Protein chains: 2
Amino acid sequence: MLLSKSCVYGLRAALYLAAKKNGEYHSLREMSEELEISFHFLTKILQQLTADGLMESYKGPNGGVRLSRKGGNATLFDMVIAIDGPGLFTQCALGLPGCGSQEPCPLHESWVDTRSSIENMLKKTSLTKIAEEGKEKHFRLTADGQFSW
Amino acid sequence: MLLSKSCVYGLRAALYLAAKKNGEYHSLREMSEELEISFHFLTKILQQLTADGLMESYKGPNGGVRLSRKGGNATLFDMVIAIDGPGLFTQCALGLPGCGSQEPCPLHESWVDTRSSIENMLKKTSLTKIAEEGKEKHFRLTADGQFSW
DNA sequence: AAATTAAAAGACAAATTACTCTTAAATATT
DNA sequence: AATATTTAAGAGTAATTTGTCTTTTAATTT
Ligand code: SF4
Ligand code: SF4
């Protein structure tokens, strides 16, 4: 798997918030139900994202989470880094330490190419752009496609 | 992580055998020591590859494993499929079922592109080609670079 | 035939990832 | 002030991946 489940859930939640745009707080309960993600698990994941400054939260009635300024301008890459860390973009095809820093292997060139094609794709894709396209084209965020933007 | 550890170990072992080329059997003990992979774990992994017809094994003194005809002509893609299964090439960026078969999301196009760039890279890279280049250029198969072709 | 070598198979253990539950802290409403 | 709402934090459980150990099976050597 390219991305961990935590990461995928985090992305879905971030897209959810980006689509609602207006900087309102949305409760985790609401999000977990609409996105069909375990409430407590989602809580954990979004805690990471708020700790990382990509989201901000507010406690109490009508509280919830929303994208921070930083989060609103973020790309998929930023989200992936915040949750899965940089491993995907630094680690080596053969699991050897120090990719590229020592004598390379024949895989190196092709590997580094595809690795940065992943990286570039994630970097050029901003949350808000995706969310807008998502609303236009009615893409789904849930397995059953029941989620409406 | 793109590839599981099992998969990475399997690839290293396959490259090892491809580099030795002459269709001799190599014992798992020898390979596990040279490649610095746990003997028993490597055994399990290569059992999968022999079950899949990519390698063949021989018991008893001077026994071991070697690449089968099929394995000798295999690409990295074949190895990955045999160990990690097709998930990497079929699963979706957002973890939704049925990628592309239902209404797509805005991620779909970029996602499918990078996904097939991974796939193409693995498909165009044959084990034996890599092993030859590896010997020429003295690339490393182990963390410490001590392994010699 | 007996002993040795090496893979196959299966049970087991540790580590990581995925997920759940409970309690605490902050904010709002009454 | 008391109660309700909602996130934070932490402990605990389940599942998967990773790694180990033991026994069995096939082949060779003596
Ligand atoms: S050269 Fe190949 S083996 Fe060496 S670090 Fe880069 S990808 Fe890994
Ligand atoms: S369109 Fe997007 S969400 Fe839908 S299956 Fe393809 S990658 Fe996944």
Side-chain angles (χ1 to χ4, degrees), chain A residues 1-13 16-17 24-68 71 80 82-85 87-88 91 95, chain B residues 1-13 16-17 24-68 71 80 82-85 87-88 91 95:
Chain A
M1 262 196 314
L2 201 70
L3 306 177
S4 72
K5 286 207 161 195
S6 295
C7 193
V8 164
Y9 294 160
L11 280 179
R12 300 232 302 258
Y16 179 94
L17 291 174
E24 278 166 12
Y25 289 109
H26 291 266
S27 84
L28 289 169
R29 183 65 65 185
E30 166 200 329
M31 295 175 64
S32 72
E33 279 168 9
E34 290 217 57
L35 295 174
E36 295 168 0
I37 300 170
S38 145
F39 169 72
H40 291 286
F41 195 32
L42 183 60
T43 296
K44 290 291 175 203
I45 297 163
L46 296 200
Q47 273 171 29
Q48 283 184 260
L49 293 176
T50 60
D52 208 69
L54 290 164
M55 293 185 181
E56 44 201 25
S57 66
Y58 199 81
K59 290 179 181 175
N62 301 316
V65 297
R66 67 181 179 194
L67 291 173
S68 67
V80 171
I83 298 177
D84 278 349
L88 182 59
Q91 280 170 12
Chain B
M1 261 198 312
L2 201 70
L3 305 177
S4 72
K5 285 207 160 195
S6 295
C7 192
V8 165
Y9 293 161
L11 280 179
R12 301 232 301 260
Y16 180 95
L17 291 173
E24 278 167 13
Y25 289 107
H26 292 267
S27 82
L28 288 170
R29 183 64 66 185
E30 165 199 329
M31 295 175 65
S32 72
E33 279 167 9
E34 291 216 56
L35 295 175
E36 296 166 0
I37 300 171
S38 145
F39 169 73
H40 290 286
F41 195 33
L42 184 59
T43 296
K44 291 289 175 207
I45 297 162
L46 297 199
Q47 271 170 30
Q48 285 183 258
L49 292 176
T50 59
D52 206 69
L54 290 164
M55 294 184 178
E56 46 201 24
S57 65
Y58 199 81
K59 290 178 180 175
N62 302 316
V65 297
R66 68 181 178 194
L67 290 173
S68 66
V80 171
I83 298 176
D84 278 349
L88 182 58
Q91 281 168 11

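Quantities reported herein were computed from a predicted structural model and do not represent experimental measurements. Proteins get letters first, then strands, A, B, ... in listed order; numbering begins at 1 in each.
With A:Met31 as reference, A:Leu17 is the one residue of A:Ile37, A:Thr43, A:Leu17 to meet the side chain to side chain contact (heavy atoms under 4.5 Å, CB included) rule.
Counting to the nearest Å, the P atom of D:dA11 and the NE2 atom of A:His40 are 16 Å from each other. Here D:dT18 presents its C1' atom at 15 Å from CE of A:Met1, a figure rounded to the nearest Å. Summarising the geometry, the separation between OH on A:Tyr25 and P on D:dA8 is reported as 10 Å, rounded to the nearest angstrom. Computed from coordinates, the B:Arg29 CZ to D:dC21 P distance equals 11 Å when rounded to whole Å. Atom NZ of B:Lys5 is separated from atom C1' of C:dA14 by 13 Å (rounded to the nearest Å). In this structure, B:Ile37 places its CD1 atom 19 Å from P of D:dT17, rounding to the nearest Å. The NE2 atom of B:His26 sits 12 Å away from the P atom of C:dA7 (whole-angstrom rounding). Distance CD (B:Glu36) to P (D:dG19): 14 Å, rounded to an integer number of Å.
Contact check of residues 41-48 of chain A against DNA chain C (heavy atom, cut-off under 4.0 Å) returns A:Phe41, A:Lys44. Using a 4.0 Å cutoff on non-hydrogen atoms, the parts of residues 54-63 of chain A near DNA chain D are A:Ser57, A:Tyr58, A:Lys59, A:Gly60, A:Pro61, A:Asn62, A:Gly63, ordered by number.
Side-chain atoms of B:Ser68 come within 3.5 Å of backbone atoms of B:Leu54 as a donor-acceptor pair (strictly under, hydrogens ignored).
Rounding to the nearest 0.5 Å gives a distance of 3.5 Å between CD of B:Glu34 and OH of B:Tyr16. Rounding to the nearest 0.5 angstrom, the gap separating the CZ atom in B:Arg12 from the CD atom in B:Glu36 is 7.5 Å. The structure places CD1 of A:Ile83 at 9.0 Å from CG of A:Asp52, a figure rounded to the nearest 0.5 Å.
Among residues at least two apart or in separate chains, salt bridge (charged side-chain N to carboxylate O under 4.0 Å, His left out) pairs with a member in residues 54-64 of chain A are A:Glu56-A:Arg66. Here salt bridge (charged side-chain N to carboxylate O under 4.0 Å, His left out) pairs that include residues 39-50 of chain B, with residues two or more places apart or in two chains, number zero.
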Give me, pair by pair, the N or O atoms of the protein and of nucleotides 12-16 of chain D that are less than 3.5 Å apart, along with how far apart they are.
none

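Side-chain nitrogen and oxygen atoms of B:Tyr9 include none within less than 4.0 Å of the OP1 or OP2 phosphate oxygen of D:dT18. Between C:dT20 and A:Ser38, a contact under 4.0 Å exists linking OP1 or OP2 to a side-chain N or O.
The shortest side-chain heavy-atom distance between B:Leu11 and B:Leu3 falls under the 4.5 Å cut-off. The side-chain heavy atoms of A:Phe39 and A:Leu28, taken from C-beta on, include a pair separated by under 4.5 Å.
Applying the side-chain hydrogen bond (donor to acceptor under 3.5 Å, both in side chains) test to A:Ser4 and every residue at least two apart in sequence or in another chain returns A:Asp84.
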Problem set entry | Step-by-step side chain to side chain contact (heavy atoms under 4.5 Å, CB included) determination, B:Ser6 to B:Phe41 | CA-CA 8 Å; B:Ser6 295; B:Phe41 195 33; 3.5 Å; yes
